[in-house]
Amino acid sequence: MAYSEKLLDHFKHPKNVGTMDKNAKNVGTGLVGAPECGDVMRLQIEVDPETKKIVDAKFKTFGCGSAIASSSLATEWLKGKSIDEALAIDNMAIVEELALPPVKIHCSVLAEDAIKGAIKDYQVKNDLEVTAKVGHH
Amino acid sequence: MAEPRMIYLDNNATTPTDPRVVEAMLPYFYQMPGNAASRNHPFGWTAENGVDNARTQIADLISVDPKEIIFTSGATESDNLALKGVFEMYARKGNHIITAKTEHKAVLDSCDKIEKMGGKVTYLDVDDKGLINLEELEKAITDKTIMVSIMWANNETGTIQPMKEIGRICEKHGVLFMSDATQAVGKIPVNPKEVGVHLMAFTSHKMYGPKGVGALFVNRKNPRVKVTAQMDGGGHERGMRSGTLNVPGIVGFGKAAALAKEEMDFDAKRLSALRDKLENALSSKLEEVYLNGSKEHRMPHVTNLSFKHVEGEGLMMTFNQNLAVSSGSACTSASLEPSYVLVALGLGDDLAHSSIRFSLGRFTTEEDIDLTIDALEKGVNHMRDLSPIWEMYKEGVDIDAIEWASH
């Protein structure tokens with residue numbers, strides 16, 4: 001199976017690897033997947049209390065190359081977005097950007113779920129209306 | 001910059017064809033193009049001689065009579081022929097076959113077909129080393145049992161089954177003993193008669209011969225075993241397998257067998273030393289490395305290791321396509337299920353996803369192993385830096401206690 005250059009680049013030089021303080025009020029954490037399924041993604045967002053925009057995003061992923069690249073790309077896309085804009089990120093955009101083969105589409109679904117999970121966590125923590133729907137796939 | 005060195009540690013998938021084998025095969029493509037079944041001209045006789053010679057070389061390797069070797073297209077066909085052929089031939093005696101959960105798909109899928117054809121199949125469990133339980137085997141035998149089919153050595157872990165003991169149980173109960181010895185023949189001494197194996201499948205391309213040719217050993221005396229042909233046609237191979245013989249392939253298979261007989265001991269000693277070096281280096285340089293399968297009863301050239309909290313296919317991607325190994329990770333298959341062999345050993349799915357099989361071969365060098373150790377050390381550390389569950393593990397979080405949302 002040949003992977004796209006973009007995918008390989010995100011895999012070899014993943015962007016925004018790291019850990020934020022999951023107890024901070026302006027940080028939302030999404031943890032999706034399961035070790036026995038072969039992939040676990042943890043995606044975190046930091047929201048500016050003033051502008052309500054996502055100012056930073058971090059991830060760590062246990063999984064195959066496509067899962068790692070999908071989460072790396074997701075963190076790149078999240079930075080600078082509003083919550084509504086972030087919720088509009090669709091897994092198929094990730095599939096297209098990384099040219100994921102059909103057997104790897106679930107990796108992009110997981111990334112979308114991780115985004116929604118992080119946003120939901122942020123909304124719950126801040127007593128906001130929960131507009132993120134996780135796991136609708 | 002020089003082309004990166006390619007390292008091939010996937011010899012259980014297939015071995016490179018030994019150049020000496022290729023050389024032996026070449027004349028049979030053009031100068032000696034005959035059909036071994038052509039009895040009336042020298043072209044046919046030359047081809048037949050080539051096949052006869054190869055049959056003897058192969059029989060010599062496993063200490064059987066050349067007449068007991070049936071040529072096929074490979075081990076998958078040999079497994080199919082042995083299982084379905086015995087099931088049909090011995091239908092009057094019974095309809096029950098006993099096998100194990102860690103067998104190759106060629107055996108398991110043939111058994112599945114046999115069940116659809118009205119047969120009964122018992123799939124034995126294995127212990128955490130991949131070995132079957134002899135008492136369970138004996139208990140599973142009924143008056144309807146016609147055959148026990150247990151592989152000699154496992155393809156994923158290299159675990160070698162207690163063949164002699166299984167053979168004794170089969171003899172005691174008067175049932176046939178079939179073995180898929182694909183991974184063992186040519187690598188370790190294999191003598192079916194000594195252990196009471198009556199049918200044995202093996203193939204050329206796992207022992208430095210060409211692909212597309214295999215064999216089934218069928219015992220001729222005490223007992224005289226017969227299988228119903230699964231391929232009908234000209235009645236080749238004593239009626240058990242019709243089809244024009246693959247003469248160049250068979251000649252190559254024979255040469256590979258002759259070389260294996262000469263060099264097996266040397267190869268095994270050299271490769272087990274390299275394998276141990278690899279295993280010891282990785283276990284000392286990296287934390288949380290687990291050996292899958294039996295350390296005591298295993299093939300000399302194989303090691304199957306799990307690197308905790310590292311996903312196998314992702315790890316393989318760190319090798320920049322310069323290192324060929326295989327993984328029990330689901331992501332390397334279309335099914336998204338991890339290796340059923342490792343799961344049968346009782347490995348959690350997470351460790352099965354984290355497994356890498358290294359299978360060395362005749363052309364593996366010490367430099368290959370040194371480069372592999374470096375690649376693995378870098379790769380595993382890269383993947384663990386990215387792994388949220390490795391981070392949790394290091395922080396002392398009980399990962400098994402987390403309620404994961406499966407998808």
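The figures here come from the full heavy-atom set of this structure, side chains too, leaving out hydrogens, waters and symmetry mates. Each chain gets a letter, A, B and so on, in the order its sequence line appears, and its residues count up from 1. Keep in mind the model is a prediction, meaning the values are calculated, not measured.
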**Q** Checking B/S354 against chain A: side chain, backbone, both or neither under 4.5 Å from a heavy atom?
**A** side chain
**Q** With rounding to the nearest 0.5 Å, note down the distance linking CD in B/Q321 to CG in A/L8.
**A** 6.5 Å
**Q** Begin from the C-alpha positions of B/M383 and A/I68 and carry the test side-chain contact (heavy atoms from CB on, under 4.5 Å) through to its verdict.
**A** CA-CA 9 Å; B/M383 296 299 284; A/I68 288 167; 3.6 Å; yes
**Q** So how far is it from A/K12 NZ to B/T318 OG1, rounded to the nearest 0.5 Å?
**A**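 The NZ atom of A/K12 sits 10.0 Å away from the OG1 atom of B/T318.
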**Q** Check for a donor-acceptor pair, side chain of A/K60 on one end and backbone N or O of B/D385 on the other, with a separation under 3.5 Å.
**A** yes
**Q** Determine, stepwise, if the pair A/L31 / B/W404 fulfils side-chain contact (heavy atoms from CB on, under 4.5 Å).
**A** CA-CA 9 Å; A/L31 183 66; B/W404 297 99; 3.7 Å; yes
**Q** As an exercise: rank B/G314, B/P388, B/S387 by heavy-atom pairs under 4.5 Å with chain A and give me the winner.
**A**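 Counting heavy-atom pairs under 4.5 Å, the top option is B/P388.
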**Q** Evaluate the side-chain proximity of B/L386 to A/T61: yes if any heavy-atom separation is below 4.5 Å, no if none is.
**A** no
**Q** Let me confirm one number: the CD-CG distance from A/E36 to B/L351, rounded to the nearest 0.5 Å.
**A** 11.5 Å
**Q** Check whether more than 12 heavy atoms from other residues, nucleotides or ligands sit under 6.0 Å from atom NZ of A/K120, and answer yes or no.
**A**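 Check fails, neighbour count at 12 or below.
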**Q** Determine whether more than 12 heavy atoms belonging to other residues, nucleotides or ligands lie under 6.0 Å from atom NZ of A/K81.
**A**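 Counting other residues, nucleotides and ligands, NZ of A/K81 exceeds 12 neighbours.
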**Q** Taking B/E311 for its side chain and A/F62 for its backbone only, find out whether a donor-acceptor pair lies under 3.5 Å.
**A** no
**Q** With a 4.5 angstrom heavy-atom cut-off, is it the side chain or the backbone of A/V40 that approaches chain B, or both, or neither?
**A**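 For A/V40, backbone and side chain are both near chain B.
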**Q** May I ask you to test the B/M317-A/S66 pair for a side-chain heavy-atom distance under 4.5 Å?
**A** no
**Q** Report the distance from atom OG1 of A/T19 to atom CD of B/E395, rounding to the nearest 0.5 Å.
**A**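 Reported value, rounded in 0.5 Å steps: 7.0 Å.
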**Q** Less than 4.5 Å apart, any side-chain heavy atom of B/I399 and any of A/P35?
**A**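 Side chain of B/I399 against side chain of A/P35, heavy atoms only: contact under 4.5 Å found.
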**Q** Do other residues, nucleotides or ligands put more than 12 heavy atoms under 6.0 Å from the CD atom of A/E96?
**A** no
**Q** Does any backbone or side-chain atom of A/L7 lie under 4.5 Å from a heavy atom of chain B? Answer side chain, backbone, both or neither.
**A** side chain
**Q** Supply the atom-to-atom distance A/C37 SG to B/H353 NE2, rounded to the nearest 0.5 angstrom.
**A** 6.5 Å
